[in-house]
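Just so it is clear, the model here is predicted, and its values are computed rather than measured.
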Amino acid sequence: MAVVITEEARRRMQPAFADLEPYDPLFTPVDVLLSANENPCDVPPVVRACLNAALTATPLNRYPDPMSNKLRDAIALWRGCDRENVIVGNGGDELLYNLLLAFGGPGRVLVNTPPAFSEYALQAQLTGTTVRDVWRTADFALDEEAVIEASKDAAIVILTSPNNPTGDLASREFVERLARSTDALVLVDEAYGEFAGDDASCLPLVKERPNVVVLRTLSKAYALAGARCGYIIASPDVVAGLAAVRQPYSVNVLTQAAAQVVVEMHDAYEESIARIVFERERLYAELRELADAGKLEVWESAANFLFVRVTGAARLFERLRDEHSILVRNFSGAPGCADCLRFTVGSPEENDRLFAAVRDML
Ligand code: PMP
């Protein structure tokens, strides 16, 4: 049951938080869960075997290494940088909060490009950072010149690539131009970067531009959403600022051990990532046919989800859930997303079930 905040509780809360509600992912028990952009499969069996051994060998009586240094080294080796360029967090969410805490705050501006991941605005509110929205165009493209203009005196700019929920990429050329044009930290949130491929990543820019910061997570392509582990690659100065504000023991020993195995065995995921990309293109092609028949709109995506616009989206969402036991994400009430739904790419069977249900209802 949802947590209810009474008037009395609100009276005691900081006035700036009086309108907040606890985060609710709106999970409902269903057969097919396509709402949270998770990996439809658990970690590959070969990884699972090593992971189990690592967890079994991890003592629980000692506090974790606050900075996860062994894991930082493994990530640095993987990503071709130094330990000083890496910081690990309890999911990307924690790192987003720490970024705004360290480099935002009262009197500082965050440039956001909605429709975007809802956590950015939330973390800005929690840290007292002012949000400056540069809305995407009617077709969800970034308004690049407006972003450059809005970022001139900002403290932080967040671009999401691929963007959640729209699936499009921010080009490396644009990110570089933006980073040159402002002193702000430019965070490129690449939570879904593995589904877009290395060529689309802004990681190479971190070495060239000290104000470029890249966020990654093990939650999506690496099937570790339940363990909570994300990381940032940035200049040593940015990493030091983030280290100063973080909760010391937020990444527990079990998560550090699991993430270590996953990072060291990242090659074992190639097949599963390729399968999700293949399924994304297959589902896109099917939805495209419905789009060509005038039944919905669908956008190309470089992530593990597809964004669609369909008349009566809220009703379609309910019917998928109640009649077909399929949970997707309903964006139809979100600003700028009228009649939009987001479909996470699932297993081939799940995608077949989703497509058949959508086709039959339109
Ligand atoms: N960034 C984006 C764009 C996301 O969609 C998510 C997860 N929904 C995250 C960051 C954070 O993921 P996590 O906290 O699981 O690492």
Pairing residues for [X] by the ring pair (Phe, Tyr, Trp, His ring centres under 6.0 Å) criterion, not counting sequence neighbours:
{"X": "F103", "result": "none"}
{"X": "W135", "result": "none"}
{"X": "H324", "result": "none"}

Only counting residues at least two apart or in another chain, list the ones meeting salt bridge (charged side-chain N to carboxylate O under 4.0 Å, His left out) with [X].
{"X": "D352", "result": "R282"}
{"X": "E289", "result": "none"}
{"X": "R216", "result": "E190, E194"}
{"X": "D133", "result": "none"}

Could you list the residues that satisfy side-chain hydrogen bond (donor to acceptor under 3.5 Å, both in side chains) with [X], not counting sequence neighbours?
{"X": "S35", "result": "none"}
{"X": "D237", "result": "none"}
{"X": "Y120", "result": "T160, D189"}

For residues 13-24, which side-chain N or O atoms pair as donor and acceptor with protein atoms under 3.5 Å away, sequence neighbours left out?
| from | atom 1 | to | atom 2 | distance (Å) |
| --- | --- | --- | --- | --- |
| D19 | OD1 | Q125 | NE2 | 2.9 |
| E21 | OE2 | R10 | NH2 | 2.7 |
| D24 | OD1 | L26 | N | 2.8 |

Side-chain polar contacts of residues 297-304 - donor-acceptor pairs under 3.5 angstrom, sequence neighbours left out - could you list them?
| from | atom 1 | to | atom 2 | distance (Å) |
| --- | --- | --- | --- | --- |
| W299 | NE1 | D139 | O | 3.4 |
| W299 | NE1 | D139 | OD1 | 3.1 |
| S301 | OG | A303 | N | 3.0 |
| S301 | OG | F305 | O | 2.6 |
| N304 | ND2 | N37 | O | 3.1 |

